[in-house]
Amino acid sequence: MQNLNIKLTRDNFNFRFKQYEGMYFHANIDEGSEIVKYKITKDKEGQELKEFGNTHIKEGHMMYIPQIEAYIDLKSIK
């Protein structure tokens with residue numbers, strides 16, 4: 001299982017909604033599952049919840065985040 005903790009900035013991701021800029025994306029990726037559970041928080045520790053949900057990985061390395069309408073390339077993060 002891989003845990004991600006990424007700060008959402010416009011420098012790193014091309015997303016449309018300004019209210020998510022500066023927030024943190026937390027996800028637990030289980031290699032045996034296609035479903036990825038995630039949450040978007042206001043703090044790095046993941047305590048102040050803004051959004052949560054499930055998503056999937058496309059083409060083995062692209063994860064879509066519906067709230068910000070953007071993809072995260074998992075190969076660039078590792």
Side-chain angles (χ1 to χ4, degrees):
M1 182 177 291
Q2 178 185 7
N3 293 321
L4 292 179
N5 185 2
I6 303 166
K7 186 170 184 175
L8 299 173
T9 65
R10 289 185 183 252
D11 295 336
N12 297 332
F13 305 103
N14 182 20
F15 56 88
R16 295 179 8 169
F17 304 111
K18 191 174 184 174
Q19 74 254 25
Y20 292 102
E21 189 167 7
M23 297 208 177
Y24 291 87
F25 176 80
H26 306 267
N28 294 321
I29 301 172
D30 185 0
E31 308 237 348
S33 176
E34 294 180 10
I35 298 172
V36 177
K37 295 181 181 187
Y38 71 89
K39 63 183 177 178
I40 298 174
T41 65
K42 296 178 182 179
D43 62 325
K44 188 174 185 176
E45 293 76 26
Q47 301 301 314
E48 294 182 54
L49 184 64
K50 171 90 172 155
E51 304 275 347
F52 67 93
N54 296 321
T55 191
H56 63 282
I57 297 176
K58 180 180 172 182
E59 299 174 6
H61 66 93
M62 298 297 288
M63 182 170 43
Y64 182 68
I65 306 172
Q67 278 86 356
I68 63 173
E69 294 185 9
Y71 282 92
I72 294 177
D73 184 354
L74 297 175
K75 288 183 179 178
S76 68
I77 295 172
K78 291 182 180 180

Side chain to side chain contact (heavy atoms under 4.5 Å, CB included) between Leu4 and Asn28, worked out: CA-CA 6 Å; Leu4 292 179; Asn28 294 321; over 6 Å; no
Evaluate Val36 against Asn54 for side chain to side chain contact (heavy atoms under 4.5 Å, CB included), listing each step before the verdict. CA-CA 5 Å; Val36 177; Asn54 296 321; over 6 Å; no
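Closest non-hydrogen pair, Asn5 versus Lys44, comes out as ND2-O, 3.2 Å. The two residues His61 and Asp73 make their nearest non-hydrogen contact at ND1-OD1, 3.0 Å.
Lys50 contributes atom NZ, which lies 15.5 Å from atom NZ of Lys39 (distance to the nearest 0.5 angstrom). Rounding to the nearest 0.5 Å places CD of Gln2 at 11.0 Å from CG of Asp30. The distance from the NZ atom of Lys7 to the CE atom of Met23 is 11.0 Å, given to the nearest 0.5 Å.
Between Leu8 and Glu21 there is no side-chain heavy-atom pair separated by less than 4.5 Å. Within the 4.5 Å cutoff, the side chain of Asn3 has no heavy atoms near those of the Ile29 side chain. A 4.5 Å side-chain heavy-atom check between Ile40 and Ile65 finds at least one atom pair inside the cut-off.
Although no hydrogens or angles enter the test, the distance criterion places no donor-acceptor pair under 3.5 Å between the side chain of Lys58 and the main chain of Met63.
Follow the hydrophobic side-chain contacts under 4.5 Å out from Tyr64 and you reach Met62 in the same cluster. Follow the hydrophobic side-chain contacts under 4.5 Å out from Ile6 and you reach Ile68 in the same cluster. A single hydrophobic cluster is seen to contain both Phe25 and Ile57, as judged by linkage of ILVMFWY side chains at heavy-atom distances under 4.5 Å, directly or through other members.
Scored by the side-chain hydrogen bond (donor to acceptor under 3.5 Å, both in side chains) test, Tyr24 finds no partners at all (sequence neighbours excluded).
If you check the side chains of Glu51 and Tyr38, you find no donor sitting under 3.5 Å from an acceptor.
Within a 6.0 Å sphere centred on CZ of Phe52, heavy atoms belonging to other residues, nucleotides or ligands number 12 at most.
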